[in-house]
J.: 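One structure is given below, represented as structure tokens, and several questions about it will come after.
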Amino acid sequence: MSLPQPVRGTHDLLPEDFARHAHVQATAREMAARFGYAEMATPIFEFTEVFARTMGESSDVVSKEMYSFESRSGESMTLRPEYTAGICRAFISNGLQQNVPFKVFAAGPMFRYERPQKGRQRQFHQIDVECIGAAEAKADIEVIAIGASILGALGVMQDCSLEINTLGDQESRQAYRTALVEYFSAHKSSLSKDSLERLERNPLRILDSKDKDDRVLVEKAPLFNDYLNSYSSDFFAEVLEGLSLLGIDYSLNRRLVRGLDYYTHTAFEFVTTALGAQGAVIAGGRYDGLIETLGGKPTPGIGWAGGIERLAMLIGDVPASIRPIAIIPVGDAAESVAAKLAHRLRQDGHSIEMAFKGNVGKRMKRANKLNARAAVLIGEDELARNVCTLRDLDQGEQSEVALSDISAALGALS
RNA sequence: GCGAGCGUAGCUCAGUUGGUUAGAGCGCCUGACUGUGACUCAGGAGGUCGGGGGUUCAAGACCCCUCGCCCGCCCCA
């Protein structure tokens with residue numbers, strides 16, 4: 001068609017979609033607040049460096065998925081592909097190290113140049129929770145608990161499962177990485193093409209390969225467990241214990257790794273099988289080295305991001321929006337009285353719908369279509385006696401109400 | 001970025017081996033019902049068949065390109 005189209009991978013949020021979207025966001029915001037996480041926001045674009053340094057130059061997101069552009073001043077800017085880096089940058093920029101643990105909730109659009117698919121768009125929206133400045137396993141537990149609580153509040157927990165793993169601290173991870181490279185290098189001939197590349201870029205990700213031959217190799221690969229130092233394994237054990245204490249079910253997934261360089265220790269994903277290949281609805285982990293990478297003082301942190309579109313696809317019907325009251329003037333003489341009445345009732349807090357034109361029949365039809373709770377009719381009959389006809393559209397009954405009492409009468413409707 | 005499938009009214013879809021003015025259901029508009037919705041009935045509007053090119057006497061159907069959606073891979077939320 002030659003009609004204008006939205007850019008590939010972007011979507012309009014028409015009112016019905018928006019309602020689902022908003023419901024996910026509002027539910028998450030409210031639940032985060034219960035845990036003491038206040039909402040904040042950072043700019044939608046940052047200096048490219050912020051993402052390149054934190055996420056890792058070799059990550060797919062940085063190397064081929066960022067929407068980067070040169071500003072008029074000649075500096076490289078990037079539309080944010082995720083929230084964590086920006087929040088950490090804000091943490092540093094605003095000198096918030098005195099406010100730790102810094103607990104925040106955020107939500108907004110993200111941008112990645114990917115091949116669109118169901119649950120994967122170029123502009124998508126995330127909810128995000130971060131806890132910066134806490135090295136304790138209790139922080140990991142809390143952050144995961146927020147995620148589980150949100151999924152519970154959205155009524156989708158039964159469709160999701162929590163997978164969790166540890167990536168250890170720098171020392172453990174480095175030792176394991178070396179062992180993996182050594183192992184896989186000895187079996188290069190049976191590695192898939194993708195995994196050969198992973199061997200160079202991020203060997204841990206070979207563990208997550210879906211290739212059959214890779215999987216055979218992975219079966220016999222060195223186990224991370226054997227390379228975790230005692231701090232790392234104790235830390236992970238504490239996290240798991242804390243989850244059990246709260247009754248949060250999880251399954252250990254030793255192959256769960258992250259594509260972004262900044263993760264350490266705890267890595268987790270709430271996954272679903274209901275969305276095809278894009279199964280992760282909430283995912284995150286600990287990022288103890290990130291703040292330092294950005295130039296801040298060494299500060300631990302943990303957080304996660306959730307895909308709003310993915311969650312919106314999982315939830316059932318969203319709570320119905322407020323039902324309006326339709327004001328229907330009958331005849332020209334009533335128009336101005338009705339307009340004033342509508343205005344007054346809105347000031348009183350009622351949701352009022354008044355059509356711009358049409359006879360009673362049309363306006364009633366419109367009221368019905370808008371799911372109005374009731375209709376208020378005012379014609380010459382009513383005008384003469386200072387009353388109006390209040391019709392309950394659910395019950396199909398109507399009665400006369402004095403104009404002075406109408407606000408209260410509407411308030412009494414369920 | 002790689003491979004597969006699909007694009008026909010606002011929506012969900014029919015459209016026989018290429019053959020005259022492209023159909024249905026739902027929705028929308030109008031009327032029956034000029035002060036009363038949901039039901040019913042009767043009319044009506046709305047398509048350059050995603051776009052461009054090609055083959056043919058003839059293309060919505062076949063071929064090429066392109067755009068978009070979608071499935072898997074990749075990656076991730």
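If you're wondering where the values come from, they're calculated on a predicted model, not measured in any experiment. Throughout, protein chains are lettered first and strands after them, A, B, ... in sequence-line order, and every chain is numbered starting at 1.
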J.: Mind checking if A:Ala367 touches a base, just sugar-phosphate, or nothing, with heavy atoms under 4.0 Å?
T.: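 Result for A:Ala367 = nothing.
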
J.: For A:Leu275 and B:rC76, give me the distance from atom CG to atom P, rounded to whole Å.
T.: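 After rounding, the reported distance stands at 18 Å.
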
J.: Give A:Gly331 one of three labels, base, sugar-phosphate or nothing, depending on what nucleic acid heavy atoms sit under 4.0 Å from its own.
T.: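 No contact.
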
J.: What nucleotide among B:rC75, B:rG37, B:rU36 has an atom nearest to a side-chain atom of A:Thr389?
T.: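 Given the options B:rC75, B:rG37, B:rU36, the side chain of A:Thr389 is closest to B:rU36.
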
J.: Verify whether one side chain among A:Asp214 and A:Ser192 offers a donor that lies under 3.5 Å from an acceptor in the other.
T.: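 Yes, A:Ser192 and A:Asp214 have a side-chain donor paired with an acceptor closer than 3.5 Å.
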
J.: Identify whether any heavy atom of A:Lys64 sits under 4.0 Å from a base atom; if not, whether one sits that close to sugar-phosphate; answer base, sugar-phosphate or nothing.
T.: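 Touches nothing.
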
J.: Could you tell me how far B:rC67 sits from B:rC2 if I compare only their P atoms? Round to whole Å.
T.: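 B:rC2 and B:rC67 have their P atoms separated by 12 Å.
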
J.: Spell out yes or no: do the side chain of A:Glu382 and the base of B:rG35 have one donor N/O and one acceptor N/O closer than 3.5 Å?
T.: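 Donor-acceptor pair under 3.5 Å: yes.
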
J.: Is A:Arg201 touching bases, backbone alone, or none of the nucleic acid, heavy atoms closer than 4.0 Å?
T.: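 Since no nucleic acid heavy atom lies under 4.0 Å of A:Arg201, the category is nothing.
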
J.: Would you say that A:Glu142 contacts A:Tyr37 through its side chain, given a criterion of any heavy-atom pair below 4.5 Å between the two side chains?
T.: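 In short, these two side chains touch, coming nearer than 4.5 Å.
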
J.: Which whole number of Å gives the distance between the C1' atom of B:rC74 and that of B:rU55?
T.: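 Comparing C1' positions in B:rC74 and B:rU55 gives a spacing of 38 Å.
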
J.: Answer with base, sugar-phosphate or nothing: what part of the nucleic acid does A:Ile308 contact at a heavy-atom distance below 4.0 Å?
T.: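 No contact at all - A:Ile308 keeps every heavy atom at 4.0 Å or more from the nucleic acid.
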
J.: Name the residue closer to the 5' end of RNA chain B, choosing between A:Lys365 and A:Asp194 according to the nucleotide with the nearest heavy atom.
T.: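 Nearer the 5' end of the strand: A:Lys365.
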
J.: B:rA77 P sits how many Å from A:Ile87 CD1, rounded?
T.: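 One finds 14 Å between P of B:rA77 and CD1 of A:Ile87, rounded.
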
J.: Find the distance A:Gln398:CD to B:rG35:C1' and express it as a whole number of Å.
T.: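 Going from CD in A:Gln398 over to C1' in B:rG35 covers 9 Å.
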
J.: Just the rounded figure in Å: distance from C1' of B:rC75 to CZ of A:Arg112.
T.: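 Atom CZ in A:Arg112 sits about 9 Å away from atom C1' in B:rC75.
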
J.: Strictly by Watson-Crick or wobble contacts shorter than 3.5 Å, is anything paired with B:rG18, and which nucleotide is it?
T.: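 WC or wobble partner does not exist here.
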
J.: Between the base of B:rG3 and the side chain of A:Arg115, is there any donor-acceptor pair under 3.5 Å?
T.: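 Under the 3.5 Å cut-off, the side chain and the base do form a donor-acceptor pair.
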
J.: Does the side chain of A:His265 reach to within under 4.5 Å of the side chain of A:Val239, using non-hydrogen atoms?
T.: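 No, their side chains stay 4.5 Å or more apart.
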
J.: Starting at the 5' end of RNA chain B and moving along, which residue's nearest nucleotide shows up first, A:Val61 or A:Gly9?
T.: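 The residue closer to the strand's 5' end, by nearest nucleotide, is A:Gly9.
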
J.: Under 4.0 Å, heavy atoms only, any strand: does A:Glu397 hit a base, just the sugar-phosphate, or nothing?
T.: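 No contact.
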
J.: Does any nucleotide pair with B:rA24 by Watson-Crick or G-U wobble geometry, both distances under 3.5 Å, and what is it?
T.: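 B:rA24 is paired with B:rU12.
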
J.: So does A:Arg201 pair up with A:Asp60, basic N to acidic O under 4.0 Å?
T.: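 Here A:Arg201 pairs with A:Asp60 in a salt bridge, since their nearest N and O are under 4.0 Å apart.
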
J.: Thinking salt bridges, do A:Asp381 and A:Arg385 make one under a 4.0 Å N-O criterion?
T.: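 The answer is no: the pair does not qualify as a salt bridge.
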
J.: Evaluate the side-chain proximity of A:Thr272 to A:Val156: yes if any heavy-atom separation is below 4.5 Å, no if none is.
T.: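 Result no, sub-4.5 Å side-chain heavy-atom pair not found.
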
J.: How long is the line joining CZ of A:Arg363 and P of B:rU34, in whole Å?
T.: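 Roughly 15 Å, once rounded to whole Å.
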
J.: Counting any heavy atom closer than 4.0 Å, what does A:Val281 reach on the DNA or RNA strands: base, sugar-phosphate only, or nothing?
T.: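 Contact class for A:Val281: sugar-phosphate only.
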
J.: Using a cut-off of strictly less than 4.0 Å, decide whether A:Lys362 has a side-chain nitrogen or oxygen near OP1 or OP2 of B:rU30.
T.: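 For B:rU30, OP1 or OP2 has a side-chain N or O of A:Lys362 closer than 4.0 Å.
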
J.: Can you check whether A:Arg205 has a side-chain N or O nearer than 4.0 Å to OP1 or OP2 of B:rC76?
T.: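 Answer is yes, contact under 4.0 Å.
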
J.: Can you see if the side chain of A:Lys210 gets near the phosphate of B:rC73 - specifically, an N or O under 4.0 Å from OP1 or OP2?
T.: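 Yes, because at least one side-chain N or O of A:Lys210 sits under 4.0 Å from OP1 or OP2 of B:rC73.
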
J.: Determine the contact category for A:Gly284: base if any of its heavy atoms lies under 4.0 Å from a base atom, sugar-phosphate if only primed atoms, P, OP1 or OP2 are that close, otherwise nothing.
T.: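 Result for A:Gly284 = nothing.
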
J.: Which is true for A:Asp211 with a 4.0 Å heavy-atom rule: it touches a base, it touches only sugar-phosphate, or it touches nothing?
T.: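 Since no nucleic acid heavy atom lies under 4.0 Å of A:Asp211, the category is nothing.
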
J.: Going by modelled atom types, is there a donor-acceptor pair between the base of B:rC76 and the side chain of A:Arg310 at under 3.5 Å?
T.: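 Such a pair is found, so the answer is yes.
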
J.: Check every strand shown and say whether A:Glu82 touches a base, only sugar-phosphate, or nothing at a heavy-atom separation below 4.0 Å.
T.: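 Result for A:Glu82 = nothing.
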
J.: Assess whether one donor atom and one acceptor atom, taken from the side chain of A:Arg120 and the base of B:rC75, lie less than 3.5 Å apart.
T.: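 Indeed, a donor on one side and an acceptor on the other fall under 3.5 Å apart.
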
J.: For B:rG72, take OP1 and OP2 only and decide whether either is under 4.0 Å from a side-chain N or O of A:Gln117.
T.: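 True: A:Gln117 side-chain N/O within range (under 4.0 Å) of B:rG72 OP1/OP2.
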
J.: Can you say whether a donor on the side chain of A:Arg391 sits under 3.5 Å from an acceptor on the base of B:rG37, or the other way round?
T.: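 Looking at the base of B:rG37, it does pair with a donor or acceptor on the side chain of A:Arg391 (distance under 3.5 Å).
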
J.: On a whole-Å scale, what distance lies between the P atoms belonging to B:rC65 and B:rC26?
T.: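 That atom pair is separated by 41 Å.
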
J.: Do the side chains of A:Arg255 and A:Glu163 get nearer than 4.5 Å, heavy atoms only?
T.: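 Answer no - side chains too far apart.
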
J.: Could you let me know what B:rC41 is paired to, Watson-Crick or G-U wobble, both distances under 3.5 Å, or none if it's on its own?
T.: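 WC or wobble partner is B:rG31.
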
J.: With P as the reference atom in both, quote the distance from B:rU48 to B:rG23 in angstrom, rounded to an integer.
T.: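 Pairwise P distance, B:rU48 against B:rG23, rounds to 15 Å.
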
J.: Please report the distance separating the P of B:rU21 from the corresponding atom of B:rA58, rounded so that it comes out in whole Å.
T.: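 The same atom, P, in both gives a distance of 14 Å.
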
J.: For atom P, what is the distance between B:rC64 and B:rG5, given to the nearest Å?
T.: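 11 Å, rounded to whole Å.
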
J.: Quick one: look up who B:rC6 pairs with, Watson-Crick or G-U, both distances under 3.5 Å, and put none if it's unpaired.
T.: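 Paired with B:rG68.
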
J.: Answer yes or no: is there a side-chain heavy-atom contact under 4.5 Å between A:Leu167 and A:Phe236?
T.: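 Sidechains of A:Phe236 and A:Leu167: no contact.
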
J.: When you compare B:rC71 with B:rC6, how far apart are their P atoms, in angstrom units rounded to a whole number?
T.: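 Here B:rC71 and B:rC6 have their P atoms 15 Å from each other.
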
J.: In whole angstrom, what separates A:Arg122's CZ from B:rC76's P?
T.: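 Spelled out: CZ on A:Arg122 to P on B:rC76 is 17 Å.
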
J.: Can you tell me the Watson-Crick or wobble partner of B:rC49, both distances under 3.5 angstrom?
T.: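 The answer is none; no pair meets the criterion.
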
J.: For B:rU16 and B:rG53, measure between their P atoms and round to the nearest Å.
T.: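 Pairwise P distance, B:rU16 against B:rG53, rounds to 25 Å.
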
